[in-house]
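First the structure, in the form of structure tokens, and then the observations on it.
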Amino acid sequence: MDMAYLIETIVKIVVIMLIFSALAGLGTYFERKVLAFMQRRLGPMSVGPYGLLQVAADGIKLFTKEDIIPTNVVAPIFKFAPVITAATAFMAAAAIPFWPQFTVFGYTVHPIVADTEIGLLYVLAVMAIGLYGLLLGGMASANKFSLISAARTSAIFISYEVVTGLSLLAPIMIVGSFSLIDFNNYQAGGITHWLVWTQPVAFILFWIAAFAETGRTPFHLIANDHEIIDGFGTEYSGMRWGLFFIGEYANMFFISFVIALVFLGGFGDGGLMGALALIAKVSFFFFFFLWTRAAWPDVRPDQLMWLCWKVLMPLAVINVVVTGLVMMF
Amino acid sequence: MFEAIAFYLFAILTIVMFTITVMTKQALFALTALAAGMIFVSAFFFILGADFLGVVQIIVYTGAVMALYAFGMMFFDTTREVKERNGSSLIVMGLSTLSAVFTVVIFSAPVVSSKIESIYPTIEGATNSQSVGMVLFTKYLVPFELAAVMLLVAMVAGIVLAGKKMDRSLTLMAEEEILLSQEANKKVIL
């Protein structure tokens, strides 16, 4: 544990924090533009060229807005809940390799903060804690809509964690490791080696569960605008509300990285092309989140539970059993 | 040095969190502090190099405490303080301090007398999850399978108890049907 290692780690953490906070802000801009184009509108156009400075305008608005703590809320938890969502989203990023290793001025950089052997499990576990922020925000604000949203959060948490875990079990069995770098190296041989060809069911299941984990549109029940106002965020204002958003968008980016690394070959053999391909894959998955929001209606809570327990979970279990049998014989 | 800093930081955090869990009158504080304490405990596994167990600690306890939240939501207004009826707080304090001290003495006595050895030597080159798997599927196979069977029994029982009217969905029924079924239920109860 020398000084160079410490400094390198701190620099990496700061860089990842800065890049993904900025991307979370830009993510809202992309979302508005993509949704607008799909609905034959222009989206934000007034602030800056093509509305690009809208992000800055939103940021200024959120930072300078009054931070209201309503009466009757459980103030300490109400104040702390948004921090949980934002902080755990960035904590989860510690075990994700964002880029193949590269050399700058003769110094080899590994763009991963903590290369542990249980990377994948760690990412999923810490990402799951992020739902606590929504739950606590909903329960602490004395509001019936927020409470409904909190109940939905805990239902989604308890059921979709099962699908995420079981669907990833089969790829983990094949690769024989939890490390995302091992996953990447296993698929380094090119397109034909990608795990999506041997594990298509797990890929689809995990992708669906990713929508539930991040609370994106087909499963956007946690903050369903037309029935429960903004759910957990109803009583929030200013930057506390903004932190929920940063957490949600950062989670979308990180789960896109996980899907690309686990199923679609990640950064391949580590060359420049592989690195660019990883960014293209992540962009596609992020775009898909927005695409689904424009194209699909929300499901009802009971349909969500039906889908999880009666369709996805049996499929995931069958997938694990079949994978085990094939590997045995 | 880093390990010492991390250990003392997380030790203090864990103790503070569990103290809040016991002392507070607010259900929401208690549940949140419990969840936070459980997650902070995982840090000790990470410090000891047992990464796999640390992550399992996080996954299991976030899920378990989340279920407690659901119960809390159903049974009380979690934003209000709970009125507790305490007897003599002196006796409670004394007994809990005594039992805490005894627990520490019981568990630290073998460590202090340095008679403690690992029965199963660590396997060279095996990763964390591999060594857990090896012990689990050789030495502890029977308890492991027994636990699995018990969980299966509990799951089947849960489904049987909860799933009586699962083929009907209130959202899909017409208003008259719901009223009719309510009337039918009343007759059965009477």
Side-chain angles (χ1 to χ4, degrees), chain A residues 1 5-6 72-78 80-81 84 88 95 114 116-132 135-136 138-143 146-148 150-151 153-158 161-162 164-165 172 176-179 182 300-303 305-306 309-310, chain B residues 1-3 5-6 20 24 26-33 35-36 38-39 42 45-46 49-74 76-81 126-133 159 163 166 168-172:
Chain A
M1 198 80 75
Y5 175 81
L6 184 67
N72 287 337
V73 301
V74 184
I77 293 185
F78 182 82
F80 191 63
I84 299 178
T88 50
T116 55
E117 60 185 64
I118 37 94
L120 184 54
L121 267 187
Y122 172 82
V123 172
L124 293 177
V126 177
M127 220 174 242
I129 302 176
L131 282 172
Y132 265 95
L135 176 90
L136 291 173
M139 283 180 83
S141 43
N143 181 317
S146 304
L147 191 65
I148 292 173
T153 311
S154 83
I156 286 182
F157 181 92
I158 290 170
E161 282 302 295
V162 178
T164 328
I172 290 170
S177 166
F178 292 112
S179 165
D182 286 349
R300 286 198 315 261
D302 64 316
Q303 290 171 327
M305 293 296 119
W306 172 84
W309 292 108
K310 290 195 176 171
Chain B
M1 186 188 75
F2 286 112
E3 274 155 15
I5 294 173
I20 293 175
T24 182
Q26 173 82 260
L28 202 52
F29 284 169
L31 282 172
T32 312
M38 291 295 188
I39 291 165
S42 72
F45 289 104
F46 289 126
D51 297 3
F52 182 74
L53 286 180
V55 172
V56 168
Q57 166 90 14
I58 296 181
I59 293 178
V60 169
Y61 281 103
T62 45
V65 179
M66 188 64 97
L68 276 182
Y69 272 109
F71 282 115
M73 234 184 287
M74 280 184 263
F76 16 18
D77 181 357
T78 42
T79 54
R80 298 285 157 269
E81 287 195 352
T127 61
N128 232 303
S129 40
Q130 280 169 345
S131 27
V132 171
I159 292 170
M166 269 197 170
R168 299 190 313 173
S169 167
L170 280 179
T171 29
L172 296 178

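All heavy atoms count here, side chains included; hydrogens, waters and symmetry mates do not. Letters go in sequence order (proteins before strands), and every chain restarts at 1.
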Side chain, backbone, both or neither: which part of [X] has a heavy atom under 4.5 Å from chain B?
| X | answer |
| --- | --- |
| A:Ile84 | neither |
| A:Ala151 | both |
| A:Phe80 | neither |
| A:Tyr122 | both |
| A:Leu135 | side chain |

message: If I take atom CD1 from residue B:Ile59 and atom CD1 from residue A:Ile129, how far apart are they, to the nearest 0.5 angstrom?
response: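 Interatomic distance, B:Ile59 CD1 to A:Ile129 CD1, rounded to 0.5 Å: 9.5 Å.
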- prompt: What's the verdict on side chain to side chain contact (heavy atoms under 4.5 Å, CB included) for A:Met127 and A:Thr88, showing C-alpha distance, side-chain angles and the deciding distance?
  reply: CA-CA 6 Å; A:Met127 220 174 242; A:Thr88 50; over 6 Å; no
task: List the steps, then state whether side chain to side chain contact (heavy atoms under 4.5 Å, CB included) holds for A:Ile77 with B:Phe29.
output: CA-CA 8 Å; A:Ile77 293 185; B:Phe29 284 169; 3.3 Å; yes
message: Please find the pair of heavy atoms, one from A:Phe178 and one from A:Ile118, that lie closest to each other, and give the distance.
response: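 Scanning both residues completely, I find the closest heavy atoms to be CB-CA, 3.5 Å.
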- prompt: Any idea which of A:Ile158, A:Asp302, A:Leu136 has the most non-hydrogen atom pairs under 4.5 angstrom with chain B?
  reply: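 The residue among A:Ile158, A:Asp302, A:Leu136 with the greatest pair count is A:Leu136.
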message: Can you confirm whether A:Trp306 is buried at CH2, in the sense that more than 12 heavy atoms of other residues, nucleotides or ligands lie under 6.0 Å from that atom?
response: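 Check fails, neighbour count at 12 or below.
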